[in-house]
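Take a look at the structure below.
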Amino acid sequence: MKLSSYFLPVLKETPSDAEIISHKYMLRSGMIKQSSSGIYSWLPLGLKVLKKIENIVREEQDIAGVNEILMPTIQPADLWKESERYEDYGKEMLRINDRQNREMLYGPTNEEQITDIFRSSIKSYKELPQLLYHIQWKFRDELRPRFGVMRGREFLMKDAYSFDIDSISSEESYNRFFICYLKTFERLGLKAIPMAADTGPIGGDLSHEFIIISQTGESDIYFDERILKEGDQINKIDYSEDLASHVNKFKSYYSASDDKFNREKFDEIVDRKYQMHSKGIEVGHIFNFGTKYSKIMKANVLDSDGVEKSVHMGSYGIGISRLVGAIIESSHDENGIIWPEVVAPFKIGLVNLKPKDEKVTKVANELYLLLNKNYEVLYDDKKDNPGVKFSRIDLIGIPHQIIIGSKASSENVVEYKNRKTSATELIKISNLSNFIDKLNT
RNA sequence: CGGGGCGUAGCGCAGUCUGGUAGCGCAUCUGGUUUGGGACCAGAGGGUCGCAAGUUCGAAUCUUGCCGCCCCGACCA
């Protein structure tokens, strides 16, 4: 992509609305534009990152054997009246009347909808378990939206739902998602700690939050620091293994966010030298809530003994739009964002420092065509001063920078700069392709 | 929802106390000089001062009402 034809409205000054780093950098790098409180438009750079995260989450769901569907954003109130949550959910739920004055709502979550889909077609234990997910925009009319996309009213969420014949099988599904979540967050370059959590309005008795450590997080977290080590081998776990034993290892370490935290228990179980207390960002939450919805909504199947039973359900969320902010919170410096390679909007930032020098520009154009065949390249071909170019390419956080200056035509070398380490080296142009290929491994 | 703050050009702000018809920096446009870390000179364009009503000869400024946005707290992926 040539920068001269890319919509990238970067800001030199920080908009006064932003408080935390990720919000500031997302606005300054032209990723998002606020529409109203807690509601944002996603501009090209931001959308690219959002899609990358979405795709990684999707791939990991698919690997775990979950089926993707897509449910609507607008739901009929009737379903929620059936589950008796229509009144309970309160003002967080955006209620709408259509032209026939039917009561509708913009979905804050989809338990009712999925249960309705399930019950209309699955009738036998032989068809269980069923694991379904979708990635869709949600709306929760928060009392106070804040921190940009970290706590918006409209947000993109992956939510999955499991349906099992009994609580034992249901817990196996729960464990599957537990492992899946650890794998997903690891792929995103995040260290997510599973923590015992309250089940809140969704209900049930088994629940974990997945929280990444960050000073700007909204949750207070307490944990045994040895749990951090436990995640190291997570990518090696195969779903055919005994997942419960892996999950139990994590559960064996004390970890809790503020509402479940118990000081006495913490001191009793965890040696003082392993005790950790921090702030964290909740990026995922899983619930096992048994028959709470299936009973009231009559989602029943026939068991092998011919008796009709309510299915045991779980729901599993990942805040995809929130993850964009969360990743920035955990990966930035004073010059801007530092994207982990897997979610970076572009892999290579190709910067022509001498756009008015014909020879240098010729080299730059050729390198762009060459590299663009195999990599996502943002080519800064604009006629700005070098300083502007350097600060802009740093701000938007592209992991690898290729700086093309006068030496490109006089000595046939360009400069490589690693955004994360700031390390630079001169590369012969004839060798550049090779050099970049090696970065990829 | 309680407490606090803000709304003036695309962005960041001054001007409001003490009323006299709007200004600064950045950005944008034109010309020129620059070109390895947010350049310089000269010129130009851009604002019904959030909206409405009121007070006044006269309102960005005073009064009242409304709207929007942010921060702290209580609640949530």
Side-chain angles (χ1 to χ4, degrees), chain A residues 9-20 23-24 27-28 30 33-39 57 89-93 107-110 135-160 181 192 197-202 207-212 217-219 257-259 280-287 315-326 334-336 351-357 360-361 380 382-395 401 403-408 414-415 417 422 424 426:
Chain A
V10 297
L11 304 172
K12 192 169 179 179
E13 285 169 291
T14 303
S16 55
D17 284 354
E19 195 70 14
I20 63 169
H23 191 194
K24 286 179 182 170
L27 290 168
R28 284 196 53 208
K33 159 106 174 71
Q34 180 164 341
S35 171
S36 62
S37 182
I39 302 178
V57 170
Y89 220 91
K91 290 193 171 174
E92 288 229 325
M93 187 151 73
T109 179
N110 289 65
I135 295 172
Q136 178 64 288
W137 292 90
K138 307 285 191 293
F139 192 90
R140 291 181 193 170
D141 201 357
E142 298 272 347
L143 279 175
R144 183 153 94 85
R146 61 183 111 173
F147 303 147
V149 300
M150 297 272 280
R151 177 126 167 238
R153 291 193 292 171
E154 187 181 54
F155 56 96
L156 186 62
M157 178 170 154
K158 185 285 302 179
D159 43 326
Y181 274 34
D198 261 352
T199 51
I202 294 181
S207 175
H208 283 85
E209 294 173 320
F210 290 77
I211 291 185
I212 61 171
E218 295 189 78
S219 320
S257 55
D258 36 13
D259 43 352
I281 302 169
E282 181 182 350
V283 288
H285 202 156
I286 61 179
F287 304 87
S315 75
Y316 315 89
I318 291 180
I320 292 180
S321 47
R322 170 179 284 185
L323 273 167
V324 180
E334 67 282 1
N335 295 319
V351 181
N352 181 1
L353 281 191
K354 307 263 180 191
K356 290 178 187 165
D357 181 318
V360 172
T361 299
D380 185 350
K382 293 182 78 170
K383 295 189 168 43
D384 297 310
N385 279 325
V388 174
K389 291 181 175 243
F390 286 131
S391 52
R392 179 171 52 212
I393 205 78
D394 282 349
L395 173 66
Q401 302 176 3
I403 313 295
I404 304 170
S406 52
K407 285 181 181 172
V414 294
E415 182 180 297
K417 179 183 160 190
S422 289
T424 62
L426 292 175

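Protein chains get the first letters and strands the later ones, always in sequence-line order, with residue 1 at the start of each.
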Nearest whole Å is fine: how far is [N] [atom2] from [X] [atom1]?
X: A:Asp394; N: B:rG37; atom1: CG; atom2: C1'; result: 9 Å
X: A:Ile281; N: B:rA77; atom1: CD1; atom2: P; result: 15 Å
X: A:Asp141; N: B:rC75; atom1: CG; atom2: P; result: 18 Å
X: A:Lys12; N: B:rU28; atom1: NZ; atom2: C1'; result: 13 Å
X: A:Glu282; N: B:rC75; atom1: CD; atom2: P; result: 14 Å
X: A:Lys383; N: B:rU28; atom1: NZ; atom2: P; result: 15 Å
X: A:Asp384; N: B:rC26; atom1: CG; atom2: P; result: 16 Å
X: A:Asp17; N: B:rC69; atom1: CG; atom2: C1'; result: 6 Å

Would you say [X] reaches [N]'s phosphate, i.e. side-chain N/O to OP1/OP2 under 4.0 Å?
X: A:Gln34; N: B:rG68; value: no
X: A:Ser16; N: B:rC13; value: yes
X: A:Arg153; N: B:rC76; value: no

**Note: A:Arg151-A:Glu142 ion pair, threshold 4.0 Å (strictly below)** = yes
**Request:** Inspect the contact between A:Lys91 and A:Asp141 and indicate whether a charged nitrogen and a carboxylate oxygen are less than 4.0 angstrom apart.
**Result:** no
Between [N] and [M], how many Å separate the two [atom1] atoms, rounded to a whole number?
N: B:rC71; M: B:rC62; atom1: C1'; answer: 28 Å
N: B:rG47; M: B:rG23; atom1: P; answer: 13 Å
N: B:rG25; M: B:rC40; atom1: P; answer: 12 Å
N: B:rC26; M: B:rG2; atom1: P; answer: 43 Å
N: B:rG15; M: B:rG20; atom1: P; answer: 14 Å
N: B:rG68; M: B:rG50; atom1: C1'; answer: 7 Å
N: B:rU18; M: B:rU28; atom1: C1'; answer: 37 Å
N: B:rC49; M: B:rA9; atom1: C1'; answer: 10 Å

**Proximal nucleotide (of B:rC76, B:rC69, B:rC71) relative to the A:Ser37 side chain** = B:rC69
**Request:** Can you figure out which of B:rC71, B:rG36, B:rC76 approaches the side chain of A:Glu415 most closely?
**Result:** B:rG36
**Asked** Do A:Lys158 side-chain atoms and A:Tyr316 backbone N/O form a donor-acceptor pair below 3.5 Å?
**Response** yes
Give one of base, sugar-phosphate or nothing for [X], where a contact means two heavy atoms less than 4.0 Å apart.
X: A:Ser36; value: sugar-phosphate
X: A:Gly317; value: nothing
X: A:Ser391; value: base
X: A:Lys407; value: nothing
X: A:Gly148; value: nothing

Let's test your reading of the model: under 3.5 Å, does the base of [N] pair with the side chain of [X] as donor and acceptor?
X: A:Arg144; N: B:rC76; answer: no
X: A:Lys356; N: B:rU34; answer: yes
X: A:Asn385; N: B:rG36; answer: no

**Request:** Kindly indicate, with the supporting measurements, whether the criterion side-chain contact (heavy atoms from CB on, under 4.5 Å) is fulfilled by A:Thr109 and A:Tyr89.
**Result:** CA-CA 11 Å; A:Thr109 179; A:Tyr89 220 91; 4.2 Å; yes
**Prompt:** Just checking, any donor-acceptor pair under 3.5 angstrom between side chains of A:Gln136 and A:Asn110?
**Reply:** no
**Item:** Pair A:Thr424-A:Glu415, side-chain donor/acceptor within less than 3.5 Å
**Value:** no
**Request:** Would you check if A:Phe155 stacks with the base of B:rA77, given a 5.5 Å centroid limit and a 30° plane limit, both strict?
**Result:** yes
Both distances under 3.5 Å, Watson-Crick or G-U wobble: report the partner of [N], or none.
N: B:rA22; answer: none
N: B:rA74; answer: none
N: B:rU28; answer: B:rA44
N: B:rG7; answer: B:rC67

**Asked** Can you tell if the side chain of A:Asn352 reaches within under 4.5 Å of the side chain of A:Thr361, non-hydrogen atoms only?
**Response** yes
**Prompt:** For A:Glu13 and A:His23, take the nucleotide of RNA chain B holding the closest heavy atom to each; which residue's nucleotide lies nearer the 5' end?
**Reply:** A:Glu13
**Asked** Quick one: on RNA chain B, does A:Arg392 or A:Pro15 contact a more 5' nucleotide (nearest heavy atom)?
**Response** A:Pro15
**Request:** List the steps and the verdict of side-chain contact (heavy atoms from CB on, under 4.5 Å) for A:Ile403 and A:Leu353.
**Result:** CA-CA 7 Å; A:Ile403 313 295; A:Leu353 281 191; 3.6 Å; yes
